[in-house]
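Bear in mind that the values here come from a model prediction, so they are computed numbers and not experimental data. Read the numbers this way: they start at 1 and go in the same order the structure lists the ligands and their atoms.
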Amino acid sequence: MMIVMKPTATEDEVAAVIDRIESVGARAHPSRGEEVTVIGAIGDLEHITRLDLEGADGVDRVVPILKPYKLASAQLRHGERTVLDIGGRRIGGEHFALIAGPCTVESRDQTLTTAHVVAAAGASMFRGGAYKPRTSPYAFQGLGQEGLRLLAEAKAETGLPVVTELMDARDLEPVLGVADVIQVGARNMQNYPLLAEIGRAGRPALLKRGLSSTLEELLMAAEYILKEGNEAVILCERGIRTFETAYRFTLDLTAVPVLRELSHLPVVVDPSHAAGRRDLVEPLSLAAAAAGADGIIVEVHPAPEEAICDGPQALRTEGFAAYAQRVEAAAGVAGKLAFTAAAA
Ligand code: PEP
Ligand code: MN
């Protein structure tokens, strides 16, 4: 934190600010320039923030120099990447994970068919929602506990770890019964009690970026999970709202290298929700993988025309294996290890 004094600040005012910084156990480093004095405050950011130095006599402004997130920050690990092992599938560092499955668990046949296809193609994990965040309260809200049972069946048959969304902390227990990774949807990114609950549950989390959230807000949301002692958080870029209306959301691929610079956590990209259209999903996937993403989470359906939710953006099970091969090649460009053979 840097405290910039006013040009009119007196020596007494400077001394008073230094005293207050030192009163909370932090160190004060004054630097007296020709025009103004700047005081560097080094120590616990929360304690220093609580001093409310912005309002102190003689202070012009307070400039934070430390990132507000700590546990999510790259500095915490001194540049080392976090690698998570989820049911034997690794993600992060040089390990790329392809997470695939339907938007929504609709039926036993649809779920198991998709799970078998993506497993055979070498996907690392299976996705599918039993609790769905729908824009309309009249739309299908998911199969709930019956959906979780179908996911458990898919896991038992294929061995693939399951990624599924938790929307309401009251459903935590049943979701923990099957989820290897708990997905936090874009709309819940700032649901802080839910994040803290997942943090306490200790299960890996896949945290989607909110539709209009900054990267700093995403990292602060991750901090809520990490702060509870859960170190397994995967960040997910899934498209943001911009002025562009030609497609559903704008996939912010710049977020991939920037998040990898700011944080040690694995970063995955969801090309399906950004695109909203099947034909855009592959180019966005390849671009994300080549940009250094640690994984892709993509929607796949055996009969997208009949899908209850997100059919137009779902890849067909037919052709998924070839898609997985091309994604693997693009990830290889960014230095990732091959994954399809290891997973199949
Ligand atoms: C989903 O993964 O099906 C979903 C609803 O995603 P998002 O929260 O990113 O909209
Ligand atoms: Mn979806």
Side-chain angles (χ1 to χ4, degrees), residues 97-106 110-111 114 118 123 125-137 139-144 147-148 150-151 162-168 171 175 179-191 194-195 198 204-213 215 217-218 221-222 225 233-242 247-253 255-256 259 267-278 280-281 284-285 288 293 295-317:
L98 178 59
I99 305 164
C103 172
T104 306
V105 175
E106 298 168 4
Q110 170 247 13
T111 305
T114 311
V118 303
M125 295 180 225
F126 183 58
R127 67 147 287 155
Y131 299 96
K132 295 304 301 178
R134 303 302 301 277
T135 301
S136 165
F140 176 62
Q141 305 287 309
L143 288 178
L148 296 176
L150 294 173
L151 287 170
V162 163
V163 181
T164 197
E165 178 159 356
L166 175 69
M167 293 207 302
D168 185 330
D171 299 318
V175 166
D180 295 284
V181 177
I182 299 177
Q183 177 175 325
V184 179
R187 290 154 190 85
N188 265 322
M189 189 202 85
Q190 288 180 311
N191 183 339
L194 183 68
L195 299 175
I198 293 169
L206 186 148
L207 178 62
K208 290 189 145 194
R209 180 182 183 182
L211 317 187
S212 306
S213 297
L215 297 183
E217 286 163 341
L218 171 62
I225 300 174
V233 178
I234 301 166
L235 305 169
C236 179
E237 161 61 32
R238 47 78 73 208
I240 51 173
R241 282 244 157 88
T242 68
Y247 32 83
R248 201 172 174 192
F249 294 98
T250 299
L251 186 64
D252 177 14
L253 282 182
V256 173
L259 283 173
V267 177
V268 305
V269 169
D270 174 344
S272 307
H273 291 86
R277 268 170 43 190
R278 184 173 312 115
L280 299 178
V281 171
L284 295 181
S285 303
I296 298 276
I297 178 165
V298 67
E299 292 187 343
V300 189
H301 198 286
E305 295 71 18
E306 291 161 26
I308 298 176
C309 181
D310 285 349
Q313 70 197 28
L315 293 179
R316 298 180 194 283
T317 44

Look at atom 8 (O) of ligand 1 and say which protein heavy atom is nearest, naming residue and atom and giving the distance to 0.1 Å.
A186 N, 2.8 Å
Ion pair check, E217 and R209, cut-off under 4.0 Å
no
Any Q183 heavy atom less than 4.0 Å from ligand 1:
yes
Any atoms of ligand 1 less than 4.0 Å from a non-hydrogen atom of R187? List them with their elements.
7 (P), 8 (O), 10 (O)
Pull out every atom of ligand 1 sitting under 4.0 Å from any heavy atom of C103, numbered as shown with elements.
3 (O)
Can you report which non-hydrogen protein atom sits closest to atom 6 (O) of ligand 1, along with the distance?
K208 NZ, 2.9 Å
Short list, please: which atoms of ligand 1 are under 4.0 Å from a heavy atom of G185?
8 (O)
Ligand-side contact atoms (ligand 1) for residue partner E299, heavy atom cut-off under 4.0 Å:
1 (C), 3 (O)
N188 side, atom CG; L207 side, atom CG - distance, nearest 0.5 Å:
10.0 Å
Give a yes/no on ligand 1: does G129 have at least one heavy atom closer than 4.0 angstrom to it?
no
Of R238, R127, H273, M189, the one whose closest heavy atom lies nearest atom 10 (O) of ligand 1 is R238
Checking only N/O/S atoms, does C309 have one that is under 2.8 Å from the Mn ion (ligand 2)?
no
Measure the CE-CG distance between M189 and L195 for me, rounded to the nearest 0.5 Å.
8.0 Å
Would you call R248 and D310 a salt bridge, taking side-chain N to carboxylate O under 4.0 Å as the test?
yes
